[in-house]
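Lettering of chains follows the sequences in order, A, B, ..., and the numbering in each one begins at 1. Just the heavy atoms: all of them, side chains too, but no hydrogens, waters or symmetry mates, feed the values below.
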Amino acid sequence: MNDLSGRISWADVGLALLLVGVSMVISRTRRTGLERDIAVATFRSFTQLLAIGFVLDYVFDGNAALTPVVLLVMIGTATVTSGGRGKRVPGAYWIAATSVSAAAGGTLGVLLVLGIVPAVPRAAIPLGSMIISNAMNTASLVMSRLRDDLGAHRREVEAHLSLGETSTEAAASWHRTAVRNGMLPIIDQTKVVGLVALPGAMTGMLLAGASPSSAIRLQMVVMYMLLGGNAFAGLVAGRLTISRLFTADHQLIRSLRRVAG
Amino acid sequence: MGDRFEYRNVRVDGDAAPIIEGFSARIPADGLTAMVGPSGAGKTTLLRLLNRLDDPDAGDVLLDGRDVRSYDVLDLRRRVQYVGQVPVTFPGTVAAQVGPDVDALLARVGLPAALADREADRLSVGEAQRMCLARALARRPECLLLDEPTSALDTASKAGIEALVRKLADDGLTVVMVTHDPRQASDLADRTLTVGAP
């Protein structure tokens, strides 16, 4: 059987570490100065995966009620990461939390309600983690892009406002650009799927011994789920960012406008 | 006629120190009022309080005797149009930005009717500034706020815009114009409001 699951021993993991050694040697000889980063990344990935492995074993082993807790911890981490990236937007953490939760709740909810995936931890946690990490990137991109664009195009935005437009109308074209910008990576990924790289979910199933035809079906669900999740995240992040970059009286917030004279 | 605008003991905070502090003044409804003063004195800031692109940190700004904050802000901005220093054109034709009365409005601001179908980003700076005035006038405002409307223009375009602004004031609009140029203020304005005088 070609099933690799259960075949990888700790000794195999140790052997694979040799490849990290190779990258260290390359870094050292080419003087890229990345040895420390490589070591930290290796150590972190090792401990984080070890930890999540224990957690998942425990949850899968008759503790399914903990599934929401695992997902909430993931959402919390994504919120801190994305909120930190967008921190020049007031309320960035709150925006990140709302958009990531909306993406996870909305997308996973649809998949579960329609019965596309079973409501078991083995399905909800890995799929949820993919939605959450993608939504996190989209929320960061949308927040920082909108903030930068509205600041850079202050004159245009205020020209719109001066004509009596609402802040939503005045920001519309930059809102569109930011959401597009946040969505493009997943759209591009969806376009080239299978041609450039075999994506993670499919790779995992193949390595675990599944047939290619069932692996691609899962991958299709994953891609469409991520498209949906990112659209949710982009939409919510864009809408909330605009509400934080303007006052209720349709004024750009002060940190976005530096007026002399 | 009475006062169109009034500043009452206005303060606007900057990053470190106030940009404007304890400023009080009245702007009558008729004619053209020039706001003059050195750069950095807060003229633009004061102008932006009149259509609520900004609000004071202390004090009040009144329009027709009522606090500007008591009006619906979108309606206020329609009534009190603002045209900035550098003309801002949006994507699309002149007609798309100026609206259904484009022919009459272009004539009013001294632009040829043929420009209606031109892409706005292909106008010269002087033409673009006139188009911005036409776009503002399309909202049928009662007041026009102009922030250094000629500072981006060459001498010929400048004289043209000055004549146009004077005519708009004579037609009954309340015009408030910020300028750093005392010559322009004394030639053009019915009265001068000095900001930041020692």
Around [X], counting heavy atoms of other residues, nucleotides and ligands shown, do more than 12 lie under 6.0 Å from its [atom1]?
X: Tyr224(A); atom1: OH; answer: no
X: Arg183(B); atom1: CZ; answer: yes
X: Arg30(A); atom1: CZ; answer: no
X: Arg180(A); atom1: CZ; answer: no
X: Lys87(A); atom1: NZ; answer: no
X: Arg8(B); atom1: CZ; answer: no
X: Arg85(A); atom1: CZ; answer: no

State the CD-CG distance between Glu158(A) and Asn51(B), to the nearest 0.5 angstrom.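 If I round to the nearest 0.5 Å, the distance is 8.5 Å.
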Between CG on residue Asp57(B) and CZ on residue Arg254(A), distance to nearest 0.5 Å: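 Here the rounded value is 4.0 Å.
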Chain A: which of Arg78(B), His180(B), Gln85(B), Gln81(B) shares the most heavy-atom pairs with it under 4.5 Å?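 If we count pairs closer than 4.5 Å to chain A, Gln81(B) comes out on top.
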Taking side chain as everything from C-beta outward and backbone as N, CA, C, O, which of these in [X] sits under 4.5 Å from a heavy atom of chain A? Side chain, backbone, both or neither.
X: Asp55(B); answer: both
X: Arg135(B); answer: both
X: Arg52(B); answer: both

Can you name the nearest heavy-atom pair linking Asp249(A) to Arg77(B), along with the distance?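 It is O-NH2, 3.2 Å.
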Taking all heavy atoms of Leu53(B) and all of Ser162(A), pick out the closest pair and write down the distance.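 Nearest heavy atoms, Leu53(B) then Ser162(A): CD1-OG, 3.6 Å.
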Under a 4.5 Å cutoff for heavy-atom pairs, which residue among His160(A), Arg155(A), Glu156(A) has the most contacts with chain B?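 The option with the most such pairs is His160(A).
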At a heavy-atom distance under 4.5 Å, which candidate from Leu163(A), Leu252(A), Thr166(A), Thr247(A) has the highest pair count against chain B?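 The option with the most such pairs is Leu163(A).
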Give, as side chain, backbone, both or neither, the part of Ser173(A) having an atom under 4.5 angstrom from any heavy atom of chain B.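 Nothing of Ser173(A), per the 4.5 Å heavy-atom cut-off to chain B.
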